[in-house]
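See below for the structure under consideration.
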Amino acid sequence: MPRFAFDDDGVAVIIGSGAGGGTMAHELTRRSLKVVMFEAGRRQTPASFSQNPGEAFGQLTWLEPRSQSGTWDPVKTSPTLPAWHCRTVGGTTVHWTAATPRLQRYEMQARTTYGDVPGTSLADWPIEYEELKRWYLVAEKRMCVTRRNGNPGMPASNNFKIMYNGARRLGYKRVHTNYLAINSRAQDGRGLCIQQGFCVQGCKTAAKWSTLYTEIPRAEATGNLDLRTECFVTRIEHDASGRATGVVYRDADGHEQRQKARFICVAGNAIETARLLLLSESARFPHGLANSSDQVGRNYCHHLTGFIWGVFDQPVHAYRGAVLAGVVEDENIHDPRRGFVGGYHLELVSLDLPTLPLVGLRYGWGREFAATIDNYRNLAGMLINGEDMPRPGNRISLSTTLKDANGLAVAHINCEEHANDIALRSHAQRQGQKIYEAAGAKRTLTSATPPATHQMGTARMSKDPEHGVTTPYGRAHDVPNLFISDGSVQTTAGAANPTLTIVALVLRQAEYISREISAGRI
Amino acid sequence: MINEKQIPLDRRRFMQAATGVLTGVIAGLSPLAALVPSRAWAIELHGLNDTQGATLLAMIQTIAPHDGLDPAAYALVVAALDKDVAGSAAAKADLSAGVASLGAEFAAAAEAVRVEKLRSIEPSAFFQSVRMKTLLVLYNNPIAFAHFGYEGEAFSKGGYLFRGFNDLKWLPDVPLEASGPMPG
């Protein structure tokens, strides 16, 4: 692996190695650009992934505390861990469950379609659906998505048989084993899914797409990638003209270092990306780098989620098999007659036994609480994934109460639920429960909102610099050689699990960067 | 197979430097009998005494009452709480005060009485920390896995692909167009 000089101002710097950063590293290095990629976590391999759920959680998760406020559930149910994402090479693509739905046309025109919803900052995406769709096709091919490009769908698990039969009896039509970036047959130098059910602990057969063992090794093979693990970027610096000049970071030994850069791509996950921009305040950018719009950190979206469990008389063994291999798509529509704007997916889900009581069940103890766990064998599960409303006050800011090991303010998350959020979630819970009742459940349960696994919107794209942080290509309006390359740029959340969209946008952004370099504009 | 080393129970033996001990015998017919080093088990305590250990054990069984779950699983939670306070006099004092607040009769009281008592201290940091430790430890060990029917990791056995991920027979099969073919 090459090691580029600290003062080499010809390198591209990428911060974060997940879906956005890892893909960007591959795209830039294969175009012969020199890249230094920073990852705060360590490097694991499929061989080193722990098969103990608790241990795996510690091995992969971003555990630095965060402070939070607002009316959403995690303030009470998960005070120090409002968001569950990774800190390891490959980022959150190591523990993701690989659902890859596309955003719908109506979701990209949220403001136009939904109208004026008071208390929200809904906006239309500044790019056309057809444009994004073109890149979805490239991303789906890259990630070997099931049910696309001739890839077979995933075979039906026990858990899905229940979802399918219940949903069909209820009249739903678009019910299948989901679009998954998981090999349903061996390809891309990776094995096929053997239905272990350990997607979240890191896929030991590498059947699930992760930048850890696809994009990153391919970037390394070009000889153009300098990957610095356990290196935490604390600040982006700029010159008098407002161009980014490089980053300050703590290396694995805790020493402060500086790396110069020609341009910088921030892909730290929407929470950390916003935090880094805010931490990079300066005399020129007193409210944080690239924040003349005051939109950095605002409009934080996380999707409306929650588990629905059906308790059956007979065994389900839901933990056997790919975790998210099922979906009901019918409610991913805009139909205000339901009492809310936007839509949702119902996705199959299971939790391992240790995790179920920690995130899958409502607060409780005693006989009633224990009885659900007694039925662990007989539980079928699904997860809501619905569109949440962007709000200016739902935001990432710098914590005034908590600092990290480097003495830097950690991220503070404020999240107030909008009436639309509550209406959508309660509709989804009811429909999910009806599905299980139709399949013969003797009892159904819903959960509180678990920690957020999808982070979006904190550096949203906008045509004009007043209403967003980045251009339609994810380029900072204020800083011409600064790019945002993760879910932060999403103008709205839609109901699609964000990874496919992140990869599609980054593939598109990389091509744009390449063109801009050729034209002498970076 | 579940590795017996994953269950941190000691054989019963004479223990030095322990402040307390929890003991039990796993029933001979229990599937667990094959998983543990010895049916007679003991857990050493290094911060709590026997009475405190027994009171906490009863508290944990009241928080998460699972009929038929071996007391050894509950004892693992006590051991985890004990380990957390062993190094800190302040933490040990907090835990001891919490245990004392339950009263000397708590462990022997009927379940309804124990529930009533716990309900009265539910908002306390003591109750909440014991509840959280119960959730973290009680369900993450091979005794619980066997009891609740969680088979755990399957990579070492080739996954569940040919070991029951689609063995549900009480509902109609899913048509191929909504799913996909079995590989191989």
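Here is the naming used below: chain letters follow the sequence lines, and residue numbers restart at 1 for every chain. Everything numeric here is computed off the predicted structure, so don't read it as measured data.
- Of the listed residues B/Q61, B/Q128, B/R119, the one with more heavy-atom pairs under 4.5 angstrom with chain A than any other is B/Q128.
- Side chain of A/S210 to backbone of A/A206: no donor-acceptor contact under 3.5 angstrom is found.
- Both the backbone and the side chain of B/P172 come within less than 4.5 Å of a heavy atom of chain A.
- Using a 4.0 Å cut-off between charged nitrogen and carboxylate oxygen, A/R367 and B/D67 count as a salt-bridge pair.
- For the pair A/F49 and A/Q44, the tightest heavy-atom approach, listed with the atom from each and the gap, is CE2-CB, 3.8 Å.
- Neither the backbone nor the side chain of A/L356 has a heavy atom closer than 4.5 Å to any heavy atom of chain B.
- Remark: side-chain polar atoms of A/S157 are not paired, donor with acceptor, to backbone N or O of B/N166 under 3.5 angstrom.
- A side-chain donor-acceptor contact under 3.5 Å links B/R163 to the backbone of B/G159.
- Across A/R377, A/R320, A/R147, the residue that shares the most heavy-atom pairs under 4.5 angstrom with chain B is A/R320.
- Per-residue heavy-atom pair counts under 4.5 Å with chain B were compared for A/I162, A/T205, A/N178, and the maximum is reached by A/I162.
- Contacts with chain A were tallied for B/L118, B/L69, B/D173; B/L118 has the most, counting heavy-atom pairs under 4.5 Å.
- In this structure, chain B has a heavy atom under 4.5 Å from the side chain of A/L192, while its backbone stays farther away.
- A donor-acceptor contact closer than 3.5 angstrom links the side chains of A/Q431 and A/Y172.
- With hydrogens and angles ignored, the 3.5 Å screen pairs a side-chain donor or acceptor of A/K204 with a backbone N or O of A/P46.
- No part of B/R114 comes within reach of chain A, as not one of its non-hydrogen atoms sits under 4.5 angstrom from that chain.
- Here A/Q195 is the residue among A/K161, A/M154, A/Q195, A/R185 with the most heavy-atom pairs under 4.5 Å with chain B.
- If you check the side chains of A/D352 and A/Q201, you find a donor sitting under 3.5 Å from an acceptor.
- In this structure, chain A has no heavy atom under 4.5 Å from any part of B/L138.
- Judged purely by distance below 3.5 Å, without hydrogens or angles, the side chains of A/N158 and A/H317 never pair a donor atom with an acceptor atom.
- The most heavy-atom pairs under 4.5 Å with chain B, out of A/V316, A/T355, A/N165, come from A/N165.
- Heavy-atom pairs under 4.5 Å with chain A peak, among B/F165, B/Y139, B/F162, B/F155, at B/F165.
- The greatest number of non-hydrogen atom pairs below 4.5 Å with chain B, out of A/A156, A/G321, A/P152, is found for A/A156.
- Of the candidates A/L445, A/D313, A/V311, A/N375 forms a side chain to side chain contact (heavy atoms under 4.5 Å, CB included) with just one, namely A/V311.
- Heavy-atom pairs under 4.5 Å with chain A peak, among B/S156, B/G152, B/A64, at B/G152.
- Contacts of B/E177 with chain A are made by backbone atoms alone, with heavy-atom separations under 4.5 Å and no side-chain atom involved.
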